[in-house]
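Note on naming: letters A, B, ... go to the chains in the order of the sequence lines (proteins, then strands), and numbering restarts at 1 for each one.
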Amino acid sequence: MTRASTVVIAGAGQAGFQAAASLRERGFEGRVVLVGDEPTLPYQHPPLSKTYLMGKMERAALRFRPEAFFVDHDIEYRAGSRIEKIDRSAKQVGLQGGEVIGYDHLILALGARNRPLPVPGFELDGVVQLRTVDDADALRGCLDKGGRIVVIGAGFIGLEFASVAAERGADVTVIEAADRPMARVLSKEMSEYFRAAHEANGIRFVFGATAAKLTGGGPRVEAVEAGDGQRFPADLVLVGIGVIPNTEIAAQAGLATGNGIIVNEHLTTDDPSISAIGDCALHPNPYAASGMIRLESVQGAVDQARCVADCLTGHPAPYQSLPWFWSEQGALKLQIAGLTQPHDQIVVRKAAQGEKEGMSVFCFRSGRLIGVESVNRPLDHVLARKLLAAGGETPTPEQVASPEFELKSWIKA
Amino acid sequence: MPNVIFVNSKGSRKSVTIETGTSVMAGAVENGVDGIVGECGGNAICGTCHVYVNPDQLSLLEPIADDEGATLEIVAAERRSNSRLSCQIAMKPELDGLIVETPEYQI
């Protein structure tokens with residue numbers, strides 16, 4: 001990319017914002033256009049289901065950078081707009097409203113959208129999902145009223161929301177199709193830890209149940225009916241059943257897509273002038289058992305944005321960052337280092353007597369350590385990240401199980 | 001409102017007014033202090049708001065909590081005895097005039 005080049009970034013979430021910032025940080029002198037579909041300055045999403053939802057954080061504190069940053073760094077931010085069409089032969093994008101912008105490189109940071117619940121009654125008032133700051137504001141208002149809340153889906157978002165709702169005094173029931181919380185991402189032992197902790201805080205779980213319909217006498221939801229006929233009265237229903245990556249404009253432009261926009265190890269699509277990063281990118285990942293993976297995380301968004309900025313400023317290197325994740329659910333801080341699924345062996349390490357409570361689950365596949373899940377043990381998490389990212393020798397299950405085991409001794413200085 | 005003085009690794013200083021209750025990281029980001037990234041938004045999890053606090057003023061700060069202490073293990077620049085995560089320093093009137101040095105790199 002030269003001084004005369006234009007990089008257009010489609011999507012101004014964590015990945016899109018970071019790509020713009022990193023291009024400037026690495027000295028890119030061309031034009032940077034960042035297109036976001038929300039009217040606000042780019043902002044952080046993780047607090048929306050945590051501190052912001054609790055009312056402990058102001059809206060202005062969510063944004064990544066103040067307006068002056070975009071001016072100072074010459075980032076053209078197009079708020080409240082979206083790219084509707086990619087013309088690859090002309091290397092142009094068409095924005096909502098008709099504007100056409102030419103690009104030398106296009107970065108797709110399109111994110112994902114909430115998966116709708118495909119049952120009757122999903123459109124009723126009081127049935128909500130959480131993605132944007134406006135969603136969170138609406139939910140904050142609802143939580144002020146207390147009442148009976150049914151959460152559909154015991155994933156990160158559902159349980160973060162349930163924790164806040166319970167803490168704010170609501171009567172909370174969580175309905176989950178699997179037999180345990182966060183089954184897709186956690187070991188059984190860690191799931192169990194969270195189930196017990198949430199139940200102790202008054203949250204009720206109904207496992208192995210799916211919502212068959214949402215009912216209401218008027219326009220407002222009154223209950224969730226499960227497939228087996230059980231009925232759960234509700235003043236508010238939060239649906240958190242995962243996301244769908246936004247791949248449509250890429251597919252329409254003839255780019256390869258699957259469960260995401262397919263990219264190579266440099267995060268480039270099959271068109272060398274187009275990259276995809278963040279929640280929408282299905283990328284080769286050295287830590288993924290399946291080879292290709294799509295990550296929904298701050299880490300993925302940020303590191304992929306940096307990888308593409310490096311490529312575009314003359315320092316191409318394959319994307320191979322260690323994935324890590326976190327979730328805050330009430331007083332519990334869950335942290336995951338590495339991709340722990342699927343694993344075939346675990347070793348659980350609990351707090352020794354006199355130590356603070358908490359637990360780490362070391363996950364192994366074919367005898368090799370692939371990741372560590374921790375709750376309220378932040379040192380285990382950061383040391384595991386360091387160890388796994390280094391790619392060197394890792395402890396065996398027997399070594400981790402030994403009472404003398406110390407993760408720190410495995411870190412090479 | 002209290003002021004914090006940021007000194008970068010080359011010695012250049014920038015004084016920033018930060019509201020009481022706001023973290024030093026958030027104040028830095030809002031005022032365009034270059035040496036502070038704050039990638040995780042203040043969760044003490046990424047280690048990109050690492051600062052070296054003027055040793056004479058260290059005792060004014062709250063002690064290092066478990067999560068901050070853990071993340072200080074993985075900061076990019078050298079961890080020193082006066083290393084802190086600026087997202088975990090909430091401004092208060094007594095901290096007026098706090099001097100923090102930003103490391104050469106955060107990533």
Side-chain angles (χ1 to χ4, degrees), chain A residues 14 17-18 21-22 24-25 43-48 50-52 56-58 60-73 297-299 301-303 305-306 321 324-328 333 335 337 355-356 358 374 376-387 389 407-408 411, chain B residues 8 14 16-50 63-80 83-91 102-107:
Chain A
Q14 185 104 36
F17 166 78
Q18 186 67 48
S22 292
R24 289 299 184 224
E25 211 174 276
Y43 63 91
Q44 309 167 54
H45 281 70
L48 298 181
K50 309 179 184 85
T51 43
Y52 186 77
K56 290 180 180 167
M57 189 177 186
E58 295 302 315
L62 286 173
R63 64 190 190 192
F64 293 116
R65 292 291 184 271
E67 194 157 9
F69 175 88
F70 296 86
V71 178
D72 293 349
H73 291 80
S297 69
V298 167
Q299 173 278 321
V302 168
D303 287 340
R306 290 206 181 106
S321 304
W324 55 266
F325 311 85
W326 89 92
S327 172
E328 280 157 57
K333 190 169 197 170
Q335 296 174 295
E355 282 182 357
K356 283 187 188 164
S374 303
N376 295 1
R377 285 178 75 92
L379 191 57
D380 281 354
H381 172 71
V382 298
L383 294 176
R385 261 162 66 184
K386 219 169 174 172
L387 179 66
L407 193 48
K408 198 163 184 176
I411 310 289
Chain B
N8 73 15
K14 179 168 179 161
V16 167
T17 302
I18 302 176
E19 214 172 311
T20 295
T22 298
S23 75
V24 170
M25 179 279 286
V29 163
E30 192 63 24
N31 289 282
V33 174
D34 281 338
I36 301 287
V37 179
E39 193 171 286
C40 73
N43 284 287
I45 199 171
C46 69
T48 63
C49 66
H50 176 205
I64 298 175
D66 285 356
D67 49 356
E68 180 183 356
T71 301
L72 282 168
E73 293 282 326
I74 50 161
V75 289
E78 179 198 9
R79 178 180 182 174
R80 302 178 193 155
S83 283
R84 294 296 302 255
L85 297 181
S86 56
C87 71
Q88 302 301 303
I89 306 175
M91 266 328 268
T102 53
E104 195 180 342
Y105 44 86
Q106 292 283 12
I107 294 147

Requested in this report: Could you tell me which of A:Lys408, A:Arg306, A:Glu328, A:Gln18 has the largest number of non-hydrogen atom pairs under 4.5 Å with chain B?
Outcome: A:Arg306
Report task. Can you measure from CD (A:Gln335) to CZ (A:Arg385) and round to the nearest 0.5 angstrom? Result -> 8.0 Å
Query - Options A:Leu62, A:Leu379, A:Val382, ranked by heavy-atom pairs under 4.5 Å with chain B, top entry - result: A:Val382
Query raised in the report: Checking A:Lys333 against chain B: side chain, backbone, both or neither under 4.5 Å from a heavy atom?
Result: side chain
Query - Given B:Thr71, B:Thr48, B:Ile45, the one that forms side chain to side chain contact (heavy atoms under 4.5 Å, CB included) with B:Cys40 - result: B:Ile45
Query raised in the report: With a 4.5 Å limit on heavy-atom distance, are the side chains of B:Gln106 and B:His50 in contact?
Result: yes
Query raised in the report: Which atom pair, heavy atoms only, marks the closest approach of B:Thr102 to B:Asn8?
Result: OG1-CA, 3.3 Å
**Report entry** chain B contact via A:Arg377 - which portion, at a heavy-atom distance below 4.5 Å
**Finding:** neither
Report summary line: In terms of heavy-atom contacts, A:Phe17 and A:Phe69 come closest through CE1-CE2, 3.9 Å
Requested in this report: Go through the atoms of A:Glu58 and report whether side chain, backbone, both or neither lie under 4.5 Å from a heavy atom of chain B.
Outcome: neither
